Amino acid sequence: MFRKILIANRGEIAIRIMRACKELGIQTVAVYSEADKNSLHVQFADESILLGAAAPKESYLNIDKIIDAAKQTNADAIHPGYGFLSENASFAAAVDSAKLTFIGPSADSIRAMGDKAESKISMKKAGVPTVPGVEGIESEKDFKKAAKEIGYPVLVKAAAGGGGKGMRVVNTESEMIESLEAARSEALNAFGDDRVLIEKYLPNAHHIEFQVFGDKNGNLVHLFERECSAQRRHQKIIEETPSPLLTSKLRKEMGEAAVAAAKAVGYFNAGTVEFIVDPDTLKFYFLEMNTRLQVEHPITEFVVGLDLVQWQIRIAAGEKFPFTQKDLFQRGHAIECRVYAEDPAGGFLPSTGRLLQFIEPRGPGIRVDSGFAAGNEVTHFYDPLLAKLIVDGENREVAIQRMKAALSEFVVHGVTTNIDFMQSVLAHPDFQNGEVTTRWVETNFNWKPSEPTLEILIAAALADQTITNPKSKISNSNEPDPYSPWKAASGFRN
Amino acid sequence: MFRKILIANRGEIAIRIMRACKELGIQTVAVYSEADKNSLHVQFADESILLGAAAPKESYLNIDKIIDAAKQTNADAIHPGYGFLSENASFAAAVDSAKLTFIGPSADSIRAMGDKAESKISMKKAGVPTVPGVEGIESEKDFKKAAKEIGYPVLVKAAAGGGGKGMRVVNTESEMIESLEAARSEALNAFGDDRVLIEKYLPNAHHIEFQVFGDKNGNLVHLFERECSAQRRHQKIIEETPSPLLTSKLRKEMGEAAVAAAKAVGYFNAGTVEFIVDPDTLKFYFLEMNTRLQVEHPITEFVVGLDLVQWQIRIAAGEKFPFTQKDLFQRGHAIECRVYAEDPAGGFLPSTGRLLQFIEPRGPGIRVDSGFAAGNEVTHFYDPLLAKLIVDGENREVAIQRMKAALSEFVVHGVTTNIDFMQSVLAHPDFQNGEVTTRWVETNFNWKPSEPTLEILIAAALADQTITNPKSKISNSNEPDPYSPWKAASGFRN
Amino acid sequence: MKTTFDQRAIDLTSNGKNYKAVLDDQTVDIEIVHAENGKLDLLIDGNHVIAYVSSDGAKRWVTVNGRTFVLTKSSGTASDSKNRRSSAGGEHASELAAPMPGQVRSVNVSEGDAVSKGQTLLVLEAMKMEIRIQAPFDSTVKSITAKVGQTVEREQILIVVDKLES
Amino acid sequence: MKTTFDQRAIDLTSNGKNYKAVLDDQTVDIEIVHAENGKLDLLIDGNHVIAYVSSDGAKRWVTVNGRTFVLTKSSGTASDSKNRRSSAGGEHASELAAPMPGQVRSVNVSEGDAVSKGQTLLVLEAMKMEIRIQAPFDSTVKSITAKVGQTVEREQILIVVDKLES
């Protein structure tokens with residue numbers, strides 16, 4: 001087993017990985033940018049190394065600095081978390097070259113799944129269903145011909161892509177040339193590669209992914225599905241498992257396809273095979289594979305009963321799985337809500353500021369993975385994810401009720417959040433019936449914040465009245481009020 | 001289903017029950033004593049009723065006041081929690097008479113299990129193994145004769161008893177008369193009933209209990225065991241499930257015996273059948289049945305995957321179990337540590353005071369059931385339980401490691417706690433080997449607090465230095481310091 | 001004491017132990033059971049209400065029953081920020097402001113350029129997102145007040161355009 | 001500044017940004033990375049240490065690495081409370097004090113009574129426990145300062161006895 005692991009990430013996922021290390025008796029090294037000097041993930045680690053300025057390329061995306069930090073602290077492995085360098089094959093290769101262990105798949109697996117066109121070809125070879133489409137074509141004529149065969153609407157998307165960049169929906173042949181040009185130019189800008197591919201566009205699909213996990217001895221299993229159809233701006237906000245859409249027959253078929261997909265690229269460690277599923281035909285298609293730990297891994301941990309991060313570390317250290325596919329099963333139902341600092345009434349634009357209050361819910365069946373505390377600053381440099389609220393219950397209904405109760409106990413002041421928005425999604429009949437598809441928020445859900453009630457105005461007035469009287473202070477304040485019971489002792493060293 | 005439930009309890013268990021109500025869409029009524037005016041359980045409820053003075057008999061033990069409170073608020077059921085009136089048959093009967101639902105077993109079941117002599121006789125009839133002994137005898141001669149047959153050491157204990165009162169270990173015949181007199185006089189004082197019974201004393205036994213649960217349609221299942229041998233002053237401090245002692249054969253036999261015991265008294269709702277198990281012979285004996293929810297119920301919830309409190313409410317409302325014994329199974333391993341305000345270096349005497357800091361651990365697989373927050377007062381009126389820290393993991397080793405990590409994140413200032421003590425118990429080879437018996441703490445474990453390290457003294461000196469400088473305050477204080485960032489706005493109303 | 005939040009006035013008077021609030025011709029009695037650490041335990045006309053409150057300048061954050069609101073105290077300057085925020089997309093506005101804090105990634109036009117409605121003038125990067133600042137109407141670029149690489153605050157003016165009369 | 005905790009002296013001096021501590025002839029360098037809400041983020045000789053600290057009168061509560069200590073600052077009155085606590089069971093003490101706060105449930109003797117070692121003189125009830133205050137030696141009850149039903153504080157004197165010379 002490793003003696004010391006460097007965590008090349010920040011926020012909730014860095015802390016979550018450090019907890020796993022602590023439980024396994026492994027020392028931890030945090031890396032951080034100047035903006036994160038007083039972050040919880042730095043305080044949680046045994047040691048910490050400053051990487052550089054706040055901009056990710058100066059810090060969390062800087063391969064050389066991170067490898068230097070690992071050498072300097074005598075770490076023997078690096079966990080990349082998710083985002084940042086986690087799916088960067090060059091990083092995985094650089095970690096290898098530095099004689100350190102990369103806690104994740106091989107650089108080759110990352111590379112093979114990183115290119116959408118190539119991975120689609122290898123998936124087809126492996127017998128994994130892919131979205132009908134054509135890759136490797138160039139001329140406008142070929143694209144038009146392919147689109148006609150597939151049937152409009154179609155999607156043109158960057159081969160090297162990811163994150164929704166270099167992607168266009170084409171509804172009719174007349175839009176093809178313009179869309180193709182737009183996608184190519186975006187792809188060139190974003191990835192330095194203007195190759196695009198074309199495929200059938202399924203507007204009302206479910207996004208269902210399978211967790212796969214392999215050890216270095218060729219044992220590869222899946223840990224069942226996660227239903228991630230509730231999205232806004234192509235980003236997941238609510239995930240759950242089991243999926244209300246899957247039958248056990250379909251679950252078995254998709255699980256086998258996921259394992260076949262991973263096997264095709266010689267996969268080990270944790271990965272996720274994403275599928276889209278047509279709810280009308282129940283046909284499923286390979287979308288892409290994320291060659292890293294997923295944000296929403298906790299719902300799988302609840303329902304399958306395994307600690308995925310501990311197993312990532314164990315596998316990387318050479319341990320074999322003590323179980324096989326038939327030992328694994330789902331029990332109960334788990335849901336995750338991603339609490340973002342964003343304004344759902346204003347196009348989901350991120351919200352920044354100092355957290356005046358940050359009270360996490362607690363109780364039976366509730367787990368909160370967060371990297372923030374009251375007093376922390378939410379900056380514009382990084383992802384606006386404040387916390388992941390995860391619940392489990394005996395069944396879907398119990399889990400939904402628990403999530404609603406838990407969300408109502410989450411208090412965040414200082415930035416706008418999507419808590420009330422998610423509360424409304426959970427209460428919607430479409431969600432309760434399991435009928436939410438990936439474009440549901442955009443097309444079916446017109447949310448407006450409610451008007452302040454009498455109680456709200458009274459509380460605001462009381463806070464206001466009393467805050468001006470230093471003898472009866474009751475509330476938070478960002479203002480330099482020496483009487484405030486909230487002020488941090490930032491002047492400590494004076 | 002009920003519309004509104006009154007919770008006749010306080011602290012962590014009142015809050016835990018209210019969470020279940022909230023998730024089931026049921027309104028809650030808290031009752032409280034004058035000492036609990038600002039307690040979390042009162043704030044958590046939808047409504048609250050003041051019962052009276054701090055002394056339990058004026059408040060939480062006052063049957064009339066509690067029933068009045070339920071009528072006044074139009075509650076339709078009462079949950080008694082554990083302790084206080086939870087095993088009081090007269091209370092259960094009074095709730096019935098008031099046309100309210102008692103969330104627990106029938107008054108008759110409570111009464112039948114309340115008397116140790118009678119319950120032992122009915123258990124023998126039901127074929128449940130009991131500790132070899134004799135009840136219903138009175139003369140010293142008969143006691144000596146019985147003791148000789150059973151074999152010394154023996155235990156004489158009050159028939160009406162509970163809580164270790166009216167109980168004496170007798171090692172030789174010469175001690176019999178004195179012990180008998182002492183037990184009888186204690187029993188008379190404590191229970192107004194001087195009947196005592198005699199049984200074999202097993203000094204090195206495991207305390208293993210089975211959770212049983214019945215609906216009102218005669219379906220009675222067990223939810224497996226809890227190992228509760230780690231005790232001090234005859235009170236449990238660490239519980240776990242599964243028990244490291246049980247084989248699956250023994251587990252099955254004991255589970256069946258527990259169900260038979262409960263059936264013998266027409267039991268419904270949640271109850272716990274306590275056994276002692278001789279680790280050498282693996283023979284088990286019925287000890288007593290607790291006719292209520294148990295403090296340590298969360299470890300069962302983790303491993304069996306059911307919400308016991310939600311089911312208590314559902315069963316009381318007339319729902320049937322949708323499962324049978326064969327649908328139930330254990331997965332993973334769970335441990336509970338009871339965090340008490342007490343001094344393990346000073347005979348475990350309770351510690352009182354104002355909580356200066358109260359930081360609960362969090363993270364995957366960690367649950368904290370508590371009724372306290374920083375600023376709250378721990379008084380001498382009630383049980384010194386501050387919080388229950390519960391963890392689960394894939395297996396016993398993972399769970400122990402997780403508990404150690406979680407305990408090390410629990411910060412309590414203002415009262416002395418048993419956190420460091422439990423940390424040492426968990427680290428002991430006897431605990432790790434599953435060999436702790438009920439008298440292990442007393443006889444095998446000589447704990448001493450460690451000496452303050454360099455870091456501790458430095459931190460104390462820094463706190464000290466800076467607290468005298470109002471510009472650089474960094475720490476908690478109970479003192480009337482207007483600059484303290486910690487002071488509550490108790491002067492709010494002037 | 002009268003206070004106005006987002007155009008709704010509330011009048012709070014203390015009568016010793018308790019408070020009385022008047023708003024929208026409604027009068028309610030308020031008892032403060034306990035107040036600590038930004039958490040108010042209240043009885044409003046006898047009903048138990050827990051409210052979490054925070055202040056930040058003119059803003060009041062309030063959470064009751066799991067719903068959070070941000071109110072702006074308006075002492076004559078009612079809904080100031082609302083007006084300013086909408087200026088970015090308003091029909092008559094000509095000052096284009098940053099909708100959120102971020103870093104200027106590219107400036108695609110020069111002063112004096114004629115631009116058409118919807119044309120991207122400047123790209124901001126914030127929290128992994130690209131935000132395109134587009135021309136609200138056919139116009140001329142009057143001045144550019146942001147530079148590539150510059151970190152800008154929310155509502156900071158980036159570009160000023162003059163509407164073309166057509 | 002020199003401070004003594006439970007007979008151990010520590011001398012802390014500030015050299016601008018950092019501190020230097022001397023104790024037991026050892027000198028260490030301390031950098032305060034961050035201090036907020038009773039939580040200190042320190043570098044002690046370069047090693048990262050998180051300490052939680054609280055003060056209550058002369059007491060300092062400190063938690064480092066999950067271990068909590070209560071230190072008593074002794075400005076001349078070193079280990080005052082320790083001495084007092086042990087008085088209940090001490091060989092020469094004659095004042096019997098409450099070991100914890102509670103309520104007096106029964107007083108079993110009267111002033112002037114001769115009592116024998118181990119005899120229960122008074123019973124205290126606290127946190128569901130009965131605590132028996134017993135005679136530390138054969139003695140005479142000199143005075144009883146607690147009444148049945150009275151709520152008493154920790155270390156409050158309940159009964160005074162005179163040792164019988166035998």
Side-chain angles (χ1 to χ4, degrees), chain A residues 15-16 18-20 22-25 44 298 301-302 305-311 322 329 331-332 360 362-370 390-395 398 400-406 408-409 466 469-475 482-489 491-494, chain B residues 15-16 18-20 22-25 44 298 301-302 305-311 322 329 331-332 360 362-370 390 392-395 398 400-406 408-409 462 466 469-475 482-489 491-494:
Chain A
I15 293 172
R16 193 263 169 273
M18 289 178 201
R19 284 191 199 284
K22 196 172 171 186
E23 290 171 2
L24 291 169
F44 201 86
E301 297 186 316
F302 259 141
L306 296 175
D307 187 311
L308 268 60
V309 179
Q310 283 197 13
W311 276 110
F329 59 92
R331 182 166 85 176
E360 299 173 3
R362 60 187 62 192
I366 294 173
R367 164 177 169 185
V368 182
D369 282 17
S370 89
I390 310 112
V391 304
D392 80 335
E394 288 157 41
N395 54 46
V398 168
I400 291 175
Q401 290 306 111
R402 178 159 290 164
M403 181 58 90
K404 286 160 86 173
S408 79
E409 279 190 50
T466 51
N469 172 8
K471 272 197 189 155
S472 55
K473 67 273 175 193
I474 53 167
S475 62
Y483 293 101
S484 168
W486 299 96
K487 291 306 293 174
F492 182 75
R493 281 189 240 148
N494 303 343
Chain B
I15 293 172
R16 194 265 171 271
M18 288 178 202
R19 284 192 200 283
K22 196 172 170 186
E23 290 172 2
L24 291 168
F44 201 86
E301 296 186 316
F302 259 141
L306 296 175
D307 187 312
L308 268 59
V309 179
Q310 283 197 13
W311 276 110
F329 58 92
R331 182 166 85 176
E360 299 174 2
R362 61 188 61 192
I366 295 175
R367 165 177 168 184
V368 182
D369 282 16
S370 90
I390 310 113
D392 80 337
E394 287 157 42
N395 54 45
V398 168
I400 291 174
Q401 289 307 112
R402 179 158 290 163
M403 181 58 90
K404 286 160 87 172
S408 79
E409 279 191 49
L462 280 172
T466 52
N469 173 8
K471 269 198 193 157
S472 56
K473 67 272 176 191
I474 54 166
S475 63
Y483 293 102
S484 166
W486 300 97
K487 290 307 293 175
F492 183 72
R493 280 189 240 149
N494 300 350

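Hydrogens, waters and symmetry mates are skipped; everything else that's a heavy atom, side chains included, is used. Below, read A as the first sequence line, B as the second, and so on, with proteins coming before strands; counting in each chain starts at 1. Computed from a predicted model, the values in this text were never measured in an experiment.
- Listed here is the closest heavy atom pair of A/Lys22 and B/Ala405: NZ-O, 3.9 Å.
- The contact between B/Val398 and chain A is made entirely by side chain atoms (from C-beta outward), counting heavy-atom distances below 4.5 Å.
- At distances below 3.5 Å, at least one donor-acceptor pair connects side-chain atoms of B/Glu394 with backbone N or O atoms of A/Asp307.
- Contact annotation: the side chain of A/Leu24 never approaches that of B/Gln401 to less than 4.5 Å [non-hydrogen atoms, C-beta and beyond].
- When each of B/Arg331, B/Arg367, B/Glu409 is scored by its heavy-atom pairs under 4.5 Å with chain A, the top score falls to B/Arg331.
- For the set B/Ala20, B/Pro364, B/Gly305, the count of heavy-atom pairs under 4.5 angstrom toward chain A peaks at B/Pro364.
- Ranking A/Val368, A/Asp369, A/Leu306 against chain B, the residue ahead of the rest is A/Leu306, based on heavy-atom pairs under 4.5 Å.
- Proximity to chain A (any heavy atom under 4.5 Å) is shown, for B/Phe329, by both the backbone and the side chain.
- You'll find the side chain of B/Arg19 reaches within 4.5 Å of the side chain of A/Arg362, heavy atoms only.
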